[in-house]
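Here is the structure we will look at, set down as structure tokens.
Owing to the predicted nature of the structure, the values given are computational and were not obtained by experimental measurement. Along the sequence shown, residues are numbered consecutively beginning with 1. Keep in mind that the numbers below use all heavy atoms, side chains included, and drop hydrogens, waters and symmetry copies.
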Amino acid sequence: MSDESQELGITESKSHKPGEWYAEVVQKANLADYAPMGGFIVTKPRGYALWEAIQDSLDGWFKETGVDNVYFPMFIPESYLEREKDIVEGFDPEVAWVTQGGHEELEERLAVRPTSESIIAPFMAEWTRSHRDLPMRLNQWCSVVRWEATETKPFFRTKEFMWQEGHTAHASNAGAWEEVWTRLGQYERVYEDVLAIPVLRGKKPEHDKFPGADTTTTVEALMPDGKSVQGATSHNLGQSFAEAFDITFADEDEAEQTAYTTSWGLSWRAIGALIMTHSDDQGLVLPPTVAPTQVVIVPIWQEDTKDDVLEYSEEIAEDLEDAGFRVELDDRDERNPGFKFNEHELNGIPLRLEIGPHEVDDGEATLVHRPDNEQSVAERDEIVDAVDEHLDEIYDKLYEAAEENLEENVREAYSPEEILGTIGKHGGYVKTAWCGDEACEEAIKEKIAAEIVMQPLADEGGETAGEVPEPDRDECGVCGDPADEIAYFAKSY
């Protein structure tokens, strides 16, 4: 194998060394590079295009449901953070502080935002006077800094990361809950309908909810290596932030009331989940919904057929572009077809069209699926419809494979030995009855680094106690005490 081919190909195995494999795919598929400061990354154009695809979908859905985009400063005065003590305590080890501006010491420390409730809530208080001002729905696309992040991995865990954070105020708790469910449903939709990743909906246990929240809901995605990814969270903050920041309003009787607030967010961790879920030992695999290039056309010619093959290929490329597909015509002279095939596989382009002199003579094109190399032939005059159908087929293949992985990796266990043994052998989610004591989670966490990533949601009315175990399984799977909750244990990113 030439040095050039070795440089192009993936050398690590996804099944044997998933961490090393993942890092190699991210770099060789030109998604990101490592910044000179530890724990930070440089997002390259192809990587940022994936974030834009997610952003475009979510931003449209947010606006359809009454959300306005805003932008708040990245620096938060320390006094603002301290007004919500749970925020300070919850994020204290992760906050990066600015103490000097230019040559002058600042009179008050400024936090580089770890989250923005404490800077946005005071302005929501200023902007809220009457019940007519509610609901107020704000969202910002920005980056945040969590300095404590260790064992960083591009997109999954970095000290600075891109995300969106929504912040809303409502006249009633019922209105706040409706908001929580709307956003959780949109996050589920972006994973399942855009990223081809099935998710589980649930809530975080009390000890792991967002600081200051009444309830934290989550969507969780299972990776092929058996670890869970917290895909996005939607928090009912109750009245704690409204009380701390005086978000009040005059109701219809002119009586002063305290608002109920929510916050909700999705980060570029979704890109990490996308890469880890679908990609393989040949490189990146992308669903057509987010792929920067959906179709690559590779003309294959000899000198005497070059003009005819290129002209035919250009016509097909133009037809597909006119139909709205993202198309690349790879007519490079200095690269042979085999090199091009490998490069486009590495970059995750979902569908490849191969066009040689036989295709020109027969008025056809050969279509090759990236996920499994399945080939078929389409007639020239049906190429637009054929490409549309095949891209849908590719999406379905990716989703079905991820769905099968999820369905096969949710198991039940009824003792600490079973929980530890199941996670140790299979990974995935282990479902068990739980008494609600954090100490039981710690007992598992200490031995195998698995934690409660989720509890089932009973309904969408704000009651989130979880399912009731069957009568003969009403004892905590860890300590044996009476249990009326269900917990999903897993290792996580």
Glu393 atom CD, neighbour heavy-atom count above 12 within 6.0 Å: yes
Distance-only polar pair, side chains of Thr262 and Thr168, donor-acceptor under 3.5 Å: yes
Identify all side-chain donor-acceptor contacts of residues 237-249 below 3.5 Å with residues at least two apart in sequence or on another chain.
unit_1, atom_1, unit_2, atom_2, d
Gln239, NE2, Thr258, O, 3.0
Ser240, OG, Gly212, O, 2.7
Ser240, OG, Leu237, O, 3.1

Side-chain touch Pro211/Glu89, heavy atoms, less than 4.5 angstrom: no
Pairwise side-chain contact, Asp56 with Trp61, heavy-atom cut-off 4.5 Å (strictly under): no
No-hydrogen, no-angle side-chain donor-acceptor test under 3.5 Å, Glu485 and Gln455: yes
Derivation of the ring pair (Phe, Tyr, Trp, His ring centres under 6.0 Å) call for Trp97 and Phe75: CA-CA 9 Å; Trp97 293 99; Phe75 298 125; over 10 Å; no
Flag for Thr65-Arg183: side-chain donor and acceptor within less than 3.5 Å: yes
Greater than 12 external heavy atoms within 6.0 Å of Glu252's CD: no
Validation row: Val25, Ile10 side chains within 4.5 angstrom (heavy atoms): yes
Under 3.5 Å side-chain donor-acceptor pair for Gln140 and Glu165: yes
Donor on one side chain, acceptor on other, His167 and Ser263, under 3.5 Å: no
Distance flag, aromatic centroids of Tyr260 and His170, threshold under 6.0 Å: no
Any side-chain donor near an acceptor of the partner, Asp225 and Tyr493, under 3.5 Å: yes
Residues Glu400 and Lys397 bridged, charged N to O under 4.0 Å: no
Non-hydrogen side-chain atoms of Tyr488 and Pro456 separated by less than 4.5 Å: yes
Donor + acceptor pair across side chains of Asp59, Asn69 (<3.5 Å): yes
Val67 vs Gln164 side-chain heavy atoms within contact, under 4.5 Å: no
Side chain Tyr191, main chain Gly231, donor-acceptor under 3.5 Å: yes
Glu148 with Lys159: basic N within carboxylate O range, under 4.0 Å: no
Ser234 and Tyr187: side chain donor to acceptor below 3.5 Å: no
Pair Asp280 + Arg370: basic N to acidic O under 4.0 Å: yes
Taking every non-hydrogen atom, the tightest pair across Ala443 and Lys447: O-CG, 3.6 Å
Short side-chain donor-acceptor distance under 3.5 Å, Asn236 and Asp214: no
Aromatic Trp163 / basic Arg146 pairing, under 6.0 angstrom, 45° off normal: yes
Test: Glu220 and Lys227 ion pair at under 4.0 Å: no
Steps toward side chain to side chain donor-acceptor pair (under 3.5 Å) verdict (Trp434, Thr432): CA-CA 6 Å; Trp434 181 45; Thr432 190; over 6 Å; no
Exercise: identify the closest heavy-atom pair between Pro77 and Leu110: CA-CD2, 3.8 Å
Side-chain donor-acceptor pair present, Asn409, Arg411, cut-off under 3.5 Å: yes
Heavy-atom pair with the smallest gap, counting every atom of Ala490 and Gly428: CB-O, 3.5 Å
Smallest separation among heavy atoms of Pro350 and Leu391, with atom names: CB-CD2, 4.2 Å
Gap between atom NZ of Lys17 and atom CD of Glu24 - 0.5 Å precision: 11.0 Å
N-O pairing of Glu441 and Lys445 below 4.0 Å: no
Pair Ser118-Glu84, side chain to side chain donor-acceptor pair (under 3.5 Å): steps then yes or no: CA-CA 7 Å; Ser118 57; Glu84 221 313 309; over 6 Å; no
Which atom of Glu160 lies closest to which atom of Ser143, heavy atoms considered: OE2-OG, 2.8 Å
is_close_aromatic(Trp268, Phe155), centroid dist under 6.0 Å: yes
Side chain proximity check, Asp193 to Arg189, heavy atoms < 4.5 angstrom: yes
Going by atom type alone, with no hydrogens or angles, which donor-acceptor pairs under 3.5 Å involve a side-chain atom of residues 35-53 and a protein atom two or more places apart or on another chain?
unit_1, atom_1, unit_2, atom_2, d
Lys44, NZ, Asn30, OD1, 2.8
Arg46, NH1, Ala29, O, 2.6
Arg46, NH2, Asn347, O, 2.7

Tyr429 side chain reached by Val453 side chain, heavy atoms, under 4.5 Å: yes
Ile54 vs Leu195 side-chain heavy atoms within contact, under 4.5 Å: yes
